[in-house]
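Written below as structure tokens is the structure these notes are about.
So that the names make sense, note that chain A is the first sequence line, chain B the second, and so on, each numbered from 1.
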Amino acid sequence: MSFPTVSLQRVFSFPLLPLKNFNWHLTFARLFSSRSHYGRISAESFYTSLLEKSTHIIHLRQIHCQLYTHGLQNNGFIVTKLIHVTSNLKEIHYARHLFEEFPDQYVFLWNAIIRGYSMHNIFDKVVEMYSRMRQAFVSPDTFTFPHVLKACGSLLAKRYGRAVHAQIFRHGLEEAVFVQNGLLSFYVKCDDNNHARIIFYGLKNRDVVSWTLIISGYAQNGQYMEALSMFRDMRGSDVKPDCIALVSVLKAYSDVEELNQGRCLHSLVIKMGHEFEPDLRIALTSLYAKCGQVTAAKSLFDQMKFGDVILWNAMISGFAKNGHANEALELFTEMISKSIQPDAVTIQSSALASAQLGSLDQARWMDNYVKNSKLGGDVIVSTALIDMYVKCGSVELARDVFNRTVDKDVVVWTAMIMGYGLHGWGREAINLFNEMKDAGVHPNDVTFLALITACSHCGLVEEGWEFFISMKDYGIKPCQKHYAGVVDLLGRAGYLERAYNFIMTMPVEPGVSVWGALLSACKIHRSVTLGEYAAEKLFNLDPLNTGHYVLLSNLYASARMWGGVAKVRVLMKSKGLNKDLGYSVIEIDGKLQAFRIGDKSHPRSDAIYKKLEWLEMRLLESGFAPDTESALHDLDKEDKEVTLCNHSERLAIAYGLISTSPGTTLRIIKNLRACVNCHLATKLISKFVNREIVVRDANRFHHFKDGTCSCGDYW
DNA sequence: ATAGGGTTAG
């Protein structure tokens with residue numbers, strides 16, 4: 001069979017296209033020199049070369065026209081190639097046009113158009129074309145199935161995928177490793193590990209892709225042990241892991257925060273000479289960051305000269321998740337200054353960092369940045385912004401973001417419900433929940449957690465209890481957090497016995513969060529015996545958590561049991577634990593200023609203390625009588641700080657008063673829970689200085705105004 | 001011409 005040929009003379013007589021970056025003469029010269037037969041080359045190789053150099057749709061249209069000029073429009077080889085290049089240039093509609101006008105499409109043409117849709121993730125079209133192909137009685141081959149299976153997996157089209165599996169079987173392709181890996185990938189995406197395993201063990205020749213698929217399949221399902229034992233099996237086989245396989249295993253280690261195993265894999269990476277592979281760098285950076293090894297992560301990050309967005313994201317989220325909010329935000333601005341385009345994930349992590357910082361100015365800046373970027377429409381970005389505004393003290397601005405979010409999913413609704421709850425607006429939370437149901441969005445487990453917490457924060461005991469009971473109507477099984485939420489709801493309201501009985505009827509073993517909620521309720525209501533019981537459980541379950549010891553100590557102190565206080569102190573010393581020092585942060589002109597108890601480090605210290613004296617005087621005039629606990633004498637200095645409330649909050653208020661114009665809202669963030677005395681004092685202060693004071697404590701928000709607090713003294 | 005991985009909200 002002889003291919004149609006095009007003489008070079010005729011080629012040169014084509015009208016040459018005046019296009020930039022497209023040197024026809026050079027193309028011909030290259031063709032010419034690579035041929036032994038001067039003058040004549042096959043049309044196939046000529047157009048292949050031409051198409052490989054095409055960079056614009058205009059080139060393709062011209063080539064398409066030329067095919068007609070030379071009667072080559074029905075040359076399957078060339079048109080297939082044309083469809084390929086057209087798809088590569090994202091001109092999928094034009095590719096489809098080329099396909100449709102071709103007479104008698106055969107398997108090559110079908111594969112080309114299916115590939116085109118597949119590579120641009122237009123999966124419903126992949127399935128549509130595959131169905132049409134079968135209706136046309138064209139037999140799919142080993143090149144068709146991988147695309148079709150990818151589409152089925154991405155669409156989670158389980159039934160269709162099973163049918164495709166059957167067709168693969170009928171075509172006798174059970175030995176084709178590409179097709180079988182496609183099936184493996186399909187079952188992994190559909191969370192069907194049983195079938196994935198059957199395919200994997202049925203494979204005669206497993207390649208590195210098969211191994212990677214089965215490992216990441218287990219990891220995605222949370223079956224980390226199986227994933228890692230698969231990796232061991234792989235090491236025992238004759239298939240050598242490549243970069244992608246190593247990245248998958250590293251991810252499994254980072255997800256379970258297995259730092260030591262991860263380190264071993266790091267040395268394997270070095271041994272195999274992959275340490276400078278960018279993708280492995282990212283995986284390693286992420287591993288160290290997730291395991292809290294921020295310094296190690298940063299040094300890996302710094303060694304990368306040309307990092308892409310994902311590397312920056314890994315580092316920013318690593319900082320943000322480990323409480324290094326400032327470093328995270330510094331990286332974010334550095335990234336922008338280096339003209340690396342942030343994406344939705346970058347915003348997410350940076351918004352998380354802003355939320356931790358608690359600075360409303362910073363939050364507004366992030367919001368503005370998003371508004372001016374193309375990322376505003378992203379639901380995940382909106383959710384992150386809502387949570388950020390909520391944690392920076394502004395439910396109103398959070399609501400603005402919420403209102404302008406189109407296509408609200410359950411996570412956005414839940415974030416907003418949670419926001420209302422955090423600020424003590426339980427009724428608004430419940431109303432929003434009803435709106436959400438009216439909008440046809442189904443609540444999930446986190447939604448109910450948000451509702452129970454919201455009710456708990458403002459004493460809506462029966463409402464909260466009803467939400468807990470109604471979970472089963474939605475087919476949602478409560479987990480530890482829900483049980484802890486209910487214990488908090490009941491206990492905080494003073495129903496300690498009901499809370500205890502509730503714990504006793506739990507179908508699962510109560511965990512740290514449940515006992516912690518009970519102990520904290522016991523502290524509020526000074527129930528020593530039950531509190532000691534809860535503390536004992538906590539010391540067994542979680543012996544190194546400072547918070548539990550402090551709670552018990554405070555419980556003893558509130559009941560004036562100084563022996564108990566001393567006992568806890570000794571216990572803590574024996575475990576080498578120290579109390580967290582209290583501090584308060586206030587934002588003035590976008591700058592955060594932290595104060596500790598008795599802090600005199602600020603340059604304006606004299607003025608601050610003068611204002612503080614004035615505040616104390618006015619407080620006494622307003623009838624502020626510190627709780628009698630304040631007169632405690634049996635406590636050492638440190639215990640007094642905690643019991644009396646550390647005065648950092650009042651220092652921050654004093655600084656705020658002298659640094660802002662009258663009427664400005666003061667926004668304060670503290671690391672510990674609000675104490676009784678400070679809460680009372682701040683209420684009074686808000687009245688006589690005529691300011692709104694917003695305080696974020698370790699647990700929730702308080703809005704002080706006109707002598708009252710939004711929490712209704714219930715926290 | 002076809003398959004696997006890395007960042008990810010409440």
Side-chain angles (χ1 to χ4, degrees), chain A residues 80-81 83-85 87-88 107-109 111-112 114-116 118-119 140-150 153 176-186 188-189 207-217 219-220 241-252 254 277-287 289-290 307-318 320-321 342-349 351-352 355 378-388 390-391 409-419 421-422 443-447 449-450 453:
Chain A
T80 303
K81 193 80 195 171
I83 293 177
H84 257 260
V85 177
S87 313
N88 291 348
V107 64
F108 263 52
L109 270 294
N111 285 350
I114 286 175
R115 169 189 175 273
S118 165
M119 76 185 297
D141 63 10
T142 52
F143 288 91
T144 321
F145 286 118
H147 292 126
V148 178
L149 289 165
K150 178 187 164 197
V177 71
F178 267 88
V179 178
Q180 294 299 313
N181 283 346
L183 272 173
L184 195 50
S185 165
F186 163 72
V188 162
K189 277 190 195 134
D207 64 5
V208 64
V209 177
S210 323
W211 282 103
T212 308
L213 275 165
I214 198 76
I215 290 170
S216 60
Q220 277 164 37
D242 64 1
C243 286
I244 298 181
L246 289 170
V247 164
S248 314
V249 183
L250 269 175
K251 164 134 170 78
S254 0
E277 199 61 44
D279 298 343
L280 271 167
R281 279 278 156 142
I282 295 170
L284 284 166
T285 305
S286 174
L287 167 84
K290 275 186 192 158
D308 66 353
V309 193
I310 298 181
L311 176 67
W312 286 79
N313 289 350
M315 199 59 238
I316 292 175
S317 81
K321 280 181 183 161
D343 64 5
V345 180
T346 322
I347 303 294
Q348 230 170 280
S349 307
L352 179 68
D378 191 302
V379 202
I380 296 184
V381 168
S382 293
T383 312
L385 292 182
I386 290 169
D387 187 55
M388 170 188 77
V390 162
K391 291 191 176 137
D409 65 4
V410 63
V411 187
V412 182
W413 285 96
T414 304
M416 197 62 233
I417 291 172
M418 216 164 225
L422 205 60
N444 63 15
D445 52 338
V446 190
T447 317
L449 187 61
T453 315

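- Residues satisfying the salt bridge (Lys or Arg N to Asp or Glu O under 4.0 Å) criterion with A:Lys189, sequence neighbours excluded, are absent altogether.
- Protein chain A touches strand DNA chain B; the 5'-most and 3'-most nucleotides with an atom under 4.0 angstrom of its non-hydrogen atoms are B:dA1 to B:dG10.
- Contacts of A:Leu213 with the nucleic acid, taken as non-hydrogen atoms under 4.0 Å apart, involve only primed sugar atoms and P, OP1 or OP2.
- You'll find the side chain of A:Asp308 reaches within 4.5 Å of the side chain of A:Ile282, heavy atoms only.
- Nucleic acid contact for A:Phe145: none, since no nucleic acid atom lies under 4.0 Å from a heavy atom of the residue.
- Remark: A:Ser210 pairs with A:Asn181, A:Asp207 by the side chain to side chain donor-acceptor pair (under 3.5 Å) rule, at least two apart or across chains.
- Residue A:Val208 is in base contact, counting any heavy-atom pair closer than 4.0 Å across all strands shown.
- Counting non-hydrogen atoms under 4.0 angstrom, A:Asp409 reaches a base of the nucleic acid.
- Residue A:Asn111 is classed as a base contact, given a heavy-atom separation below 4.0 Å to a base.
- By the salt bridge (Lys or Arg N to Asp or Glu O under 4.0 Å) test, A:Lys290 pairs with A:Asp255, sequence neighbours left out.
- In terms of the side chain to side chain donor-acceptor pair (under 3.5 Å) criterion, A:Thr285 has no residue partners (sequence neighbours excluded).
- Residues satisfying the side chain to side chain donor-acceptor pair (under 3.5 Å) test with A:Ser349, not counting sequence neighbours, are none.
- A:Asn88 comes within contact range of no nucleotide atom at all, as no heavy-atom separation falls under 4.0 Å.
- As judged by a 4.0 angstrom heavy-atom cut-off over every strand, A:Ser286 is placed among residues touching the sugar-phosphate backbone only.
- Heavy atoms of A:Val410 sit under 4.0 angstrom from at least one base atom.
- Within the 4.0 angstrom heavy-atom criterion, no nucleotide atom of any strand lies near A:Lys391.
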